[in-house]
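What follows is a set of notes on a single structure, which appears directly below.
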Amino acid sequence: MARRKRPWGVRWIRLAASAIALIVSITACGPPPSVEVRSGAARSSPAGQLLLATGDSGSLYSAADGKRSVGAVQPFELSPDGLSALGARSQSEATGITRTTELVIVETTSLEEKAIVVAGDREAVGPAQWSPDGSRIAYRLTTYDVDPSEVHPGERLTEAICVRSISRSENRCFHPPGRVYSFDWFPDGNGLLIAGPGGDPVLHLDVETGRAEAVISPKGDDALRVELSRLGYGEPDQFVLPQWSPSGRYIAVLVSLRGGSQMYVPVVLTSAGTFVSVGEASGEFPRTTPVEVDAHVLLAHRDL
């Protein structure tokens, strides 16, 4: 069977309706650590509620109220307290692109909707993610070099990462080097893990100072490359959707591969980007979102 074409750049992958966790077996140098690798759902979904995306709309499921529509809003995730859903509205331009024009919050009880970020004529906003305490959101801001309603922008654009305070309506944007494909909040809410194309390092952005520091080099560390070569998987080509562990001590990431027998493999690294463990590789892109380290389900008997 022919191998599927590798995605040009992985953006934001919605949680599949099945919400099945992706559990990988761990192959490590020495005794295996205790790691669960699961799908990238909201980090701590409130009990009795589930938010699912269906095309450009979403549905909220709860034990008390059953299924309710959140309208023509593309949902991202529930707030940590379960009282609000974060989502976006989009519009199609005559040039053929679809531009995300608003970030909105939908109250889960009343379904009342409020726009919190509105894009300019040459801008697009999203994806977006709640901070761990629900007081802020982080989102990507894309600025086109041309008017996208008149000229297809192609790759003529710049990207920033912005942080919006919910209560104070304050907005602050940062311009890390390179592109912004995905991001993930540090557990204490003071930083973001930012990933771009394969030629860019994965960065840790301090949202208080604006300082960006490389934590994963474009090709990973020597130990990771040696292990992938030993397994015949090839070499790292891109680090896709990296995510912090709840403790902030580890990073889980889906590694795009080239030159070997596989296309993708989930990997666990330390917060400094050094190799810990590698999971089960795949010849195609997984249908669920990739990996997030979680200490609640143990695959072995040695704590990380």
Side-chain angles (χ1 to χ4, degrees), residues 9-13 40 42-43 74 76-77 79-80 86-88 90 99-105 115-146 148 153 155-218 238-245 248 250-253 269 271-273 292:
V10 178
R11 296 290 179 166
W12 198 266
I13 311 298
R43 289 173 296 284
Q74 175 191 340
F76 295 133
E77 62 177 359
S79 61
L86 178 63
S90 303
R99 188 167 60 94
T100 307
T101 55
E102 290 184 340
L103 296 179
V104 300
I105 291 177
I116 56 171
V117 178
V118 179
D121 292 340
R122 291 169 58 179
E123 294 177 341
V125 292
Q129 187 185 92
W130 290 104
S131 65
D133 65 358
S135 66
R136 296 177 291 179
I137 64 165
Y139 66 94
R140 183 178 62 206
L141 173 67
T142 301
T143 303
Y144 300 109
D145 294 344
V146 296
E155 293 301 299
R156 289 175 289 178
L157 54 86
T158 57
E159 290 171 332
I161 191 80
C162 300
V163 175
R164 169 82 172 189
S165 171
I166 302 300
S167 62
R168 297 193 299 272
S169 299
E170 294 176 351
N171 203 59
R172 188 179 182 191
C173 292
F174 307 93
H175 296 271
R179 300 289 300 275
V180 178
Y181 283 3
S182 72
F183 49 89
D184 189 53
W185 281 99
F186 192 77
D188 67 6
N190 290 327
L192 290 162
L193 199 61
I194 300 175
D200 292 352
V202 175
L203 302 173
H204 179 202
L205 173 70
D206 187 316
V207 298
E208 302 300 326
T209 66
R211 180 172 178 245
E213 178 183 8
V215 293
I216 306 175
S217 67
Q238 182 180 352
F239 292 89
V240 180
L241 290 171
Q243 297 172 0
W244 293 108
S245 70
Y250 298 91
I251 297 169
V253 63
L269 310 172
S271 61
E292 184 176 7

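Counting heavy atoms from C-beta on, the side chains of F239 and L193 never come closer than 4.5 Å. Contact annotation: the side chain of P218 approaches that of P201 to within less than 4.5 Å [non-hydrogen atoms, C-beta and beyond]. The closest side-chain heavy-atom distance from V215 to L203 is not below 4.5 Å. Side-chain contact between L241 and V253 is absent, with no heavy-atom pair separated by less than 4.5 Å. Side-chain contact check for V163 versus W185: some heavy-atom pair is nearer than 4.5 Å. You'll find the side chain of Y181 reaches within 4.5 Å of the side chain of P197, heavy atoms only. Within the 4.5 Å cutoff, the side chain of V240 has no heavy atoms near those of the S182 side chain. Between W244 and S271 there is a side-chain heavy-atom pair separated by less than 4.5 Å.
Between S90 and Q74 the shortest heavy-atom distance is OG-OE1, 4.5 Å. Minimum heavy-atom separation, G178 to D200: CA-OD2, 3.4 Å. Contact record, R172 with G210: NH2-N, 4.5 Å, taken as the closest heavy-atom pair. Nearest heavy atoms, C162 versus L141: SG-CB, 3.8 Å. Scanning all heavy atoms of the two residues, the minimum distance from V202 to P242 falls at CG1-CG, 3.9 Å. P176 approaches I194 most closely through the heavy-atom pair CG-CD1, 4.1 Å.
The distance from atom CZ of R122 to atom CG of D145, rounded to the nearest 0.5 Å, is 7.0 Å. Annotation: the span from D121 atom CG to R99 atom CZ amounts to 6.5 Å, rounded to 0.5 Å. Note that CD1 of I137 is 5.0 Å distant from CG of L103, once rounded to the nearest 0.5 Å. The line from OG of S131 to CG of L192 is 9.5 Å long, rounded to the nearest 0.5 Å. Of the inter-residue distances, the one linking N190 atom CG with T209 atom OG1 reads 10.0 Å to the nearest 0.5 angstrom. E159 contributes atom CD, which lies 9.5 Å from atom CD1 of I161 (distance to the nearest 0.5 angstrom).
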Using side chain to side chain contact (heavy atoms under 4.5 Å, CB included), reason through W130 and I105 one step at a time and then give a plain yes or no. CA-CA 11 Å; W130 290 104; I105 291 177; 3.7 Å; yes
Before giving the answer on side chain to side chain contact (heavy atoms under 4.5 Å, CB included), spell out for T101 and V118 the whole-Å C-alpha distance, their side-chain angles and the decisive distance to 0.1 Å. CA-CA 6 Å; T101 55; V118 179; over 6 Å; no
Just do the side chain to side chain contact (heavy atoms under 4.5 Å, CB included) check on F183 and Q129 with the steps written out, would you? CA-CA 8 Å; F183 49 89; Q129 187 185 92; 3.9 Å; yes
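Although no hydrogens or angles enter the test, the distance criterion places a donor-acceptor pair under 3.5 Å between the side chain of S245 and the main chain of Y250.
Every residue two or more places apart in sequence or in another chain was checked for a side chain to side chain donor-acceptor pair (under 3.5 Å) with R164, and none qualifies. Looking at residues two or more places apart in sequence or on another chain, you find a side chain to side chain donor-acceptor pair (under 3.5 Å) between S135 and D133. Every residue two or more places apart in sequence or in another chain that forms a side chain to side chain donor-acceptor pair (under 3.5 Å) with N171 is listed here: Y139.
Atom CZ of R211 has 12 or fewer heavy atoms from other residues, nucleotides or ligands within 6.0 Å.
Salt bridge status for R136 with E208: present, with a side-chain N to carboxylate O gap under 4.0 Å.
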